[in-house]
2 protein chains.
Amino acid sequence: MTERAETSADSDLSLANEAETRRSADSSERAYNIIRKLLVEFKLKPGERINEVQLSRSLGVSRTPIREALNRLASEGFVSLTPNRGFFVRSLSTEGLLDLYELRSIIESAAFKLMCERAEDSEIDRLRQYWEAIVDGYRDQPPDIILAEDEGFHLLIAELSGNPELVGQLASINARIRFIRRIQIEHPSHDKAQITSHSAIVEAAVKRDAENGAKLLREHIEMTVSATQQALKDALLKVFAPDNGADLKRRRRARDA
Amino acid sequence: MTERAETSADSDLSLANEAETRRSADSSERAYNIIRKLLVEFKLKPGERINEVQLSRSLGVSRTPIREALNRLASEGFVSLTPNRGFFVRSLSTEGLLDLYELRSIIESAAFKLMCERAEDSEIDRLRQYWEAIVDGYRDQPPDIILAEDEGFHLLIAELSGNPELVGQLASINARIRFIRRIQIEHPSHDKAQITSHSAIVEAAVKRDAENGAKLLREHIEMTVSATQQALKDALLKVFAPDNGADLKRRRRARDA
DNA sequence: CGTCAAGAAAGTGTCGACACTATTGCGTTC
DNA sequence: GAACGCAATAGTGTCGACACTTTCTTGACG
């Protein structure tokens, strides 16, 4: 069932981020990317136990790189490890997602303030340029591109804060909520508001209006949260009831610690 | 040199935290704790390459659990992995430390605000009780206890924020700066200010004065930063020049990306 | 005397195998 | 017929070995 992971998955996945520790095109790295993709696309379902042997067979490598990848994913919060029972897919319950968005909001607004204090004028201008370069065709891009551009925008703010730890944190959060953001982006209702938000944020940055910009960011992120809840329900429904979307009452999955 | 890791290290290390994924008393977990202890105590020196075979010999296990532990530590930022060259101890340069403290400050003040908004009265009271229970003997405890109590205090605030992601982040940050905090605690100059800080923070919590409490926390943390810089210098000196503390000019270590 | 190259040594990345733990299925007993 | 325990199965945790890469050593050449 989880067999036959698409083998072309190792290339296009790491769109944007991960300012962390880098690796090469090892088996281990490849496994990490593929498994993470399986996770964010719900090919591996929330709450499910991960069978290392199956995975190693379907990826064509031994269990060692699989386990290394899973350990890494456990540190990043994608999966959890119960001692002699194995790795489990951590189900992002609704609250879990909201917690993540809240953390993101905290970090981003803090990053914005720091950027206002510290960044060079030329750097602020880079942010402006970045946004202006993509704003025109923004709505017309495919979802993956929109997502990458959006993440890039926010990551750039984090970078201009001058604190690499913030960048790392944000990148890690992004990876965990990427799947839901992609779903959201496909609800076209949101794009317009997103564009005006970003423009307003850039404007605040140019003025170095830390308070207002931070507030805009908070609102920008929190605005998406309600839509997120619906998107999450849709996603879970799609996962647990791929065809018959009828009896959604009985689907009481997504229970997590 | 790094041989003979103290074998009694697996018990007392995990003082406080790690609300993350849990494991058992596996070899892997044991290795993780021991290696992390070696790292925070500078037994493994910043910038140094970590020899897996040596480590596995000195811990009496094979390389597999060693590598799992190192992967975990890499995700947490303690070490870095260069593809075919191995794991390296990430040297916490001065800026790196300041970045971490800044992140900590951001998260803690945000947590305080959220706690003020959300926590039950009884929970706030738990914070008050926690602090009152330890404040009397605070100064007289051994450093490790003081450190654990201090971390516990701040972690409790994070818990009362109601956002487990904040707890996890803070726990992870704590682990990375623990070594320097321990050194700081041994400079007795600081205790007094710390005690009054904590008391003031509790007071603000009881009044649910989010703004003031967050400000106090920021100051409380930033206050330690200048002391931290000196403490870091001392620590590095001790590490790289264990006996002859004379020519500190030539020690140009702690260079990091 | 310094530079470079080839070979030797050391070290990482991955594998298959085995021991031990958890789980499942079956038969026994009340 | 249900609960319990026991055996069989499935799955994780760890090991030692080997291939391949990097690093060090040695020796030849300019």
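Letters A, B, ... mirror the listed sequences (proteins, then strands); counts begin at 1.
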Ignoring the backbone of A/E52, work out which of C/dT12, C/dC15, D/dT12 is nearest its side chain.
-> D/dT12

Side-chain H-bond candidate by donor/acceptor type, B/Y32 with B/R36, under 3.5 Å = yes

Side chain of A/R49 only, please: which of C/dG16, C/dG13, D/dT12 is the nearest?
-> D/dT12

May I have the step-by-step check of side chain to side chain contact (heavy atoms under 4.5 Å, CB included) for B/L55 and B/I35, ending in yes or no?
-> CA-CA 9 Å; B/L55 256 184; B/I35 296 173; 3.9 Å; yes

Distance, rounded to the nearest Å, where B/R67 contributes CZ and D/dA17 contributes C1' | 15 Å

Atom CG of A/N71 and atom P of D/dT14: how far apart are they, to the nearest Å?
-> 10 Å

Atom CZ of A/R57 and atom P of C/dG16: how far apart are they, to the nearest Å?
-> 12 Å

To the nearest angstrom, how far is A/I66 atom CD1 from C/dG16 atom C1'?
-> 15 Å

B/I106 CD1 to B/Q169 CD distance, which is reported to the nearest 0.5 Å | 11.5 Å

Taken to the nearest whole Å, CG/B/D26 to C1'/D/dT12 is 9 Å

Taking the side chain of B/S28 as its heavy atoms from C-beta onward, which of C/dC15, D/dT14, D/dC15 lies nearest to it?
-> D/dT14

Measure from the side chain of A/S27, starting at C-beta and using heavy atoms only, and say which of D/dG13, D/dG16, C/dT14 lies closest.
-> C/dT14

Could you work out which one of C/dG16, D/dG13, D/dG16 sits closest to the side chain of B/T64?
-> D/dG16

Nearest whole angstrom, please: distance from the P of D/dT12 to the CG of A/L70.
-> 10 Å

Could you state the atom-to-atom distance from OH of A/Y32 to C1' of C/dT14 in whole Å?
-> 20 Å

Is B/R63 side chain donor-acceptor paired with the C/dG13 base, going by distance under 3.5 Å alone?
-> yes

The nucleotide from C/dA22, C/dG13, C/dT14 with an atom nearest the side chain of A/N84 is C/dA22

Whole-Å distance between D/dC15 P and B/E68 CD?
-> 11 Å

In sequence, state the C-alpha distance, the side-chain angles, and the governing distance for B/E68 and B/R63, and then conclude on salt bridge (Lys or Arg N to Asp or Glu O under 4.0 Å).
-> CA-CA 9 Å; B/E68 293 204 351; B/R63 276 174 55 225; over 6 Å; no

